[in-house]
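Structure first, then comments.
Atoms considered below: every heavy atom in the structure, side chains included; atoms not considered: hydrogens, waters and symmetry mates. All values reported here derive from a predicted model rather than from experimental measurement. Just so it is clear: chains get the letters A, B, ... in the order the sequence lines come, proteins before strands, and each one is counted from 1.
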Amino acid sequence: MKERYDFSAIETKWQKIWEETGLHKVVDNDTTKEKYYCLEMFPYPSGNLHMGHVRNYSIGDVVARVKAMQGYNVLHPMGWDAFGLPAENAAIKHGIHPYQWTRSNIENMRKQLSRLGFSYDWDREVTTCTPDYYRWTQWLFLQFYKNGLAYKKHAAVNWCPGCVTVLANEQVVNGACERCGTSVEKKGLSQWFLKITDYADRLLADIEKLNGWPDKVKIMQENWIGRSEGAEVNFRVDGTDDIITVYTTRPDTIYGVTFMVLAPEHPLVAKLTTGTPYEASVRDFVRRMQNLSEIDRTSTDAEKEGLFTGAHVINPMNGEKIPLFIANYVLMDYGTGAVMGVPAHDQRDFDFATKYSLQIRVVILPEGVPDKYVQLTQAYDAEGVLVNSGPFDGQNNEDAIKNVAAYMEEKGIGKSMVNFRLRDWLISRQRYWGAPIPIIYCSKCGEVAVPEEQLPVHLPTDVEFKPTGKSPLTDCDSFVNTVCPECGGPARRETDTMDTFICSSWYYLRYCSPHDDRNAFTKDNAAYWMPVEQYIGGVEHAILHLLYSRFFTKVLKDQGLVDFDEPFTNLLTQGMVLKDGAKMSKSKGNTVSPEETVAKYGADTARLFILFAAPPERDLEWSDAGVEGAYRFLNRVWRLVYAYIDRLNESPALEEVSEADKETRRLTHYTIKKITDDVNQRFNFNTAISTIMEFVNWLYQYREKNPVRNSSIEAEAVNTLVILLAPFAPHFAEELWHELGYTDSVHKQPWPGYDPAALVQAEVEIVVQLNGKVKSRMTVPADIDKDEMEKFVLEQDKIVELISGKQVVKVIAVPKKLVNIVVK
RNA sequence: GCCGAAGUGGCGGAAUUGGCAGACGCACACGAUUCAAAAUCGUGCGGGAAACCAUGAGGGUUCGAGUCCCUCCUUCGGCACCA
């Protein structure tokens, strides 16, 4: 055995051997073992791995390796989320084709991942931008389409002038593009949508099933879906037959309506004002609102602003005639785009009414407050009793919500209604580097789906992809011009491509049968491998990717294509990697290159540090000194095992078992137990590693202070140490394992069990407290009970002295922990 | 504004069910080794002379609180005129 730890030679050697021997090859549908699907979010192939990737994949690799050692049949795949804008932008900038750019990035990143020694089965690699993948993305789109879940409509959509394409609602963060930060505009365009709103209720209800997900993520999804219960109420426009429907969560306040407000984009606005004296001013107002950026438009800080339309509507409950306004604070996107103004009981309406001197009528009072004393300075939105509300006077408002809604339903003036904040998913993009939407437009037959046997609709390679706001495919005649699959006449292809989030909404299924060329995924394989036991990735996908994937899974379940309705049983959201307190980023110049770190210290050191520095879900502060420490630790283990193998300070003893030997055995088994718990139950790799460090520290002492040692106990300790290190430092442990004389891989060893009997200690140290303050420590037999402990402690000279002159009120004894004496 | 998470030495963090606060590592100091240095091995390392005081601040529950409850402060994340 070499005296020095040569990480470079060791890592290269084992990576080669593992590959040659197919150590990480996965066997499908092995019924002799329980399956375990460990998945990490696949990367966008930007060209270089960053520390966030290293962290994500190091965490996943420990899980995959531990589960494999624990006897599971583990699926641990890797692939590439390879469509997307950066490839196009790079292509424009450097004159390379996006395919070339993406391909070479993938090659480079695969090399970097391999260099880190992750246990992927590379035969199952999946790349979303290749025709053998996007063919199935298109096929899935057609399944949605055939079931009425994909449709085209004209709507005011989010437009990012930076990316010159439309965006889904989920991709707009604080009114700006989540990718490039450009302020988003609204544009009226005809676009493709997936009907995720059809699944809003189930996506919400099934959150309850996600016991293995962090609450944080579940709450974020709940809020995003935003279910609210209320009623729709129909108001007739005075003097016309037009009906305006409002949505309200507070039908109990209907008698307090003193005005109504429409969103500026509401379709009735033009109709009601055209030809009236109000027409010009209303048109100006609407135009001004439309020209505001999304941020200014929806900011809560913006002052409420509105305009009278000249029209009135009739309150269907009491026939009252109330003025109709348009205002900035009502959004066309939510509910019906019309709101009944109840200033007494809604703060926004209150602000608006105050500004425009509209009547404020109280219809709900806290119990015991007489009407005449009410002088509102703000809206009252708490519970109370109805007043000024005709037949509903005196009812508790909670009851009145139901009763008023029932009454309206009976009279045909309204109905109970559930509303969601969630909008349908806008999936078309006016960009080149994505999966073409497989639809054909025929002047005779209209919108026609590309027949499944004609898939994939290939992305043409000879395209000018300068961003113009139209899809670059529009100018590619050979792509656009086609024949109608129904009538055979000339037809045109849809030129928009799909949102890349579609590609990543089903990749976990493709990994189950990555080479199937007849199906998106083989049903048997999906049934065997899915759902994913452990999914690991950044919290930035809490809504986007994770919600979309849940949606896809539910649709596939309804089509009978899968037999589960949630894709990810357990989710771990890892924290960011920080440097100097800030997220590593090129623009801040605080990045640390994984490649350089691996070159300097090796993959095992890099991984060990990243796992040791913080628990996975917390942010991690990068520290070069900390990396140095991890490297030092591996060297320390190396020297320990070296000394053991080369019989330095050879121990002559064989059979006898000293106290130190017993303690070594106890610590060996304690270490197994602790690490098993940390890894299985808590994913606390940092404390698992610190336990190994403590064990190593002890073994140094043990050798140093005991020239005579029991050889089988020492052997067990060293073997166990190497096995326990295997998931964290796989090359290092493999090398030592072979130096110990074994010929099989350390990664094929069963995870060690512990002997509970070995953990038992004859004596334990307890603490003696006086009024809860630690005064003394003493060693007692481990198995004595409360009373014996109390008696023993009170007999000790030191304790007698401590409590002399004081009155013992009470003694609390906790076995193996402490005795607390309460004195006066 | 609403929802959520976090706040512990010089630093990263530990304390799993209310029971020894600061495990483990980094940094630092000292000792051994060395001609010397690096590396290594070892010792020390919250504050305080001590009694004691210390887990963002202040209250509370309890024999006992980093952990539970209330009020507040700070930082971070999400949502944000959702009717």
Side-chain angles (χ1 to χ4, degrees), chain A residues 4 173-175 214-224 226-228 230 246-250 253 261 263 297-304 327-331 333-342 346-349 351-352 419-422 539-540 542-543 575-576 578 581 609 612-615 617-630 632-633 635-636 639 674 677-678 681-682 684 686-697 700-701 704 765-777 809-814 816-823:
Chain A
R4 257 195 69 247
V173 178
N174 289 328
D215 289 342
K216 174 172 62 168
V217 173
K218 292 195 278 187
I219 290 167
M220 278 163 71
Q221 291 211 354
E222 263 172 45
N223 292 342
W224 187 261
R227 184 182 199 272
S228 78
V246 299
Y247 173 73
T248 178
T249 54
R250 295 295 302 274
T253 63
V261 192
R297 178 68 203 278
T298 59
S299 162
T300 38
D301 305 331
E303 202 183 327
K304 308 231 168 334
N328 60 347
Y329 77 100
V330 176
L331 310 172
D333 279 10
Y334 185 78
T336 59
V339 169
M340 62 185 212
V342 186
D346 181 288
Q347 190 58 40
R348 293 156 304 182
D349 297 342
D351 295 342
F352 190 77
N419 230 310
F420 293 95
R421 209 192 74 109
L422 184 71
V539 73
E540 65 273 17
I543 291 165
M576 290 185 295
L578 312 176
F609 165 72
F612 176 66
E617 64 282 358
R618 285 249 288 257
D619 287 350
L620 180 154
E621 174 69 32
W622 187 267
S623 153
D624 290 330
V627 178
E628 195 87 43
R632 245 190 327 249
F633 169 71
N635 276 285
R636 195 166 147 80
R639 285 189 301 273
K674 174 78 162 79
D677 289 350
D678 280 353
Q681 292 164 21
R682 312 198 304 161
N684 277 10
N686 56 333
T687 53
I689 292 166
S690 74
T691 306
I692 301 180
M693 289 172 168
E694 285 176 89
F695 186 45
V696 169
N697 290 346
Y700 264 85
Q701 298 251 321
E704 176 86 11
E765 194 187 62
I766 61 157
V767 166
V768 182
Q769 299 181 327
L770 215 59
N771 293 340
K773 293 203 169 111
V774 179
K775 293 291 175 184
S776 176
R777 291 160 217 277
V809 182
K810 197 172 173 184
V811 180
I812 290 110
V814 182
K816 295 184 193 175
K817 291 250 162 72
L818 57 75
V819 174
N820 185 13
I821 306 163
V822 185
V823 296

Which nucleotide in [options] has an atom nearest any side-chain atom of [X]:
X      : options                : answer
A/N684 : B/rA15, B/rC41, B/rC3  : B/rA15
A/K810 : B/rC81, B/rU40, B/rC63 : B/rC63
A/R632 : B/rC26, B/rA83, B/rC81 : B/rC26
A/V173 : B/rC79, B/rC24, B/rG19 : B/rC79

Measure the spacing between [atom1] of [X] and [atom2] of [Y] and express it to the nearest 0.5 Å.
X      : Y      : atom1 : atom2 : value
A/Y700 : A/F695 : OH    : CZ    : 13.5 Å
A/K817 : A/Q769 : NZ    : CD    : 12.5 Å
A/L620 : A/M576 : CG    : CE    : 11.0 Å

What is the nucleic acid contact for [X], judged by heavy atoms within less than 4.0 Å: base, sugar-phosphate only, or nothing?
X      : result
A/K775 : sugar-phosphate
A/K773 : sugar-phosphate
A/G226 : nothing
A/F420 : nothing
A/V811 : nothing
A/I543 : nothing
A/N697 : sugar-phosphate
A/S623 : nothing

Taking [atom1] from [X] and [atom2] from [N], how many angstroms apart are they, rounded to a whole number?
X      : N      : atom1 : atom2 : result
A/E621 : B/rA14 : CD    : P     : 15 Å
A/K218 : B/rC3  : NZ    : C1'   : 16 Å
A/Q221 : B/rG77 : CD    : P     : 20 Å
A/F609 : B/rG12 : CZ    : P     : 12 Å
A/L331 : B/rA83 : CG    : C1'   : 9 Å
A/M220 : B/rC2  : CE    : C1'   : 15 Å
A/K816 : B/rU17 : NZ    : P     : 18 Å
A/N686 : B/rG12 : CG    : C1'   : 10 Å

> For A/A614, does its backbone N or O pair with a side-chain atom of A/N686 as donor and acceptor, under 3.5 Å?
Replying inline: no
> Between the main-chain N or O of A/G772 and the side-chain N or O of A/N820, is there a donor-acceptor pair closer than 3.5 Å?
Replying inline: yes
> Mapping A/F612 and A/Q701 onto RNA chain B by nearest heavy atom, which one lands closer to the 5' end?
Replying inline: A/F612
>> By nearest heavy atom, map A/E704 and A/N820 onto RNA chain B; which one lands nearer the 5' end?
In response: A/E704
Can you find a side chain N or O atom of [X] that sits less than 4.0 Å from OP1 or OP2 on [N]?
X      : N      : value
A/Y700 : B/rC41 : yes
A/Y247 : B/rA83 : no
A/R682 : B/rA14 : no
A/R421 : B/rA80 : yes
A/R636 : B/rC41 : yes

I'd like the [atom1] distance from [M] over to [N], given in whole Å.
N      : M      : atom1 : answer
B/rG77 : B/rU71 : C1'   : 24 Å
B/rU8  : B/rA15 : C1'   : 10 Å
B/rU55 : B/rG13 : C1'   : 13 Å
B/rA32 : B/rA51 : C1'   : 37 Å
B/rG56 : B/rC76 : C1'   : 15 Å
B/rC3  : B/rC52 : C1'   : 43 Å
B/rC45 : B/rA23 : C1'   : 15 Å
B/rG4  : B/rC69 : P     : 13 Å

>> Counting C-beta onward and ignoring hydrogens, is there a side-chain heavy-atom pair between A/M340 and A/T253 closer than 4.5 Å?
In response: yes
>> Quick check: do A/R636 and A/N697 have side-chain heavy atoms less than 4.5 Å from each other?
In response: yes
>> Does the structure place the NZ or CZ of A/K304 under 6.0 Å from the centre of the six-membered ring of A/F352, at an angle of no more than 45° from the ring's axis?
In response: no
> Of all residues at least two apart in sequence or in a different chain, which pass the side-chain contact (heavy atoms from CB on, under 4.5 Å) check with A/F612?
Replying inline: A/I689, A/S690, A/M693
> Under a 3.5 Å cutoff on both atom distances, Watson-Crick or G-U, what's the dot-bracket for RNA chain B ([ ] crossing, | other strand)?
Replying inline: (((((((..(((......[....))).(((((.......))))).((....))..(((((..]....))))))))))))....
> Does B/rG9 fall in syn (glycosidic angle within 90° of 0) or anti?
Replying inline: syn
> Base, backbone or nothing for each nucleotide of nucleotides 4-10 of chain B, written B, S, -, heavy atoms under 4.0 angstrom, 5' to 3'?
Replying inline: S------
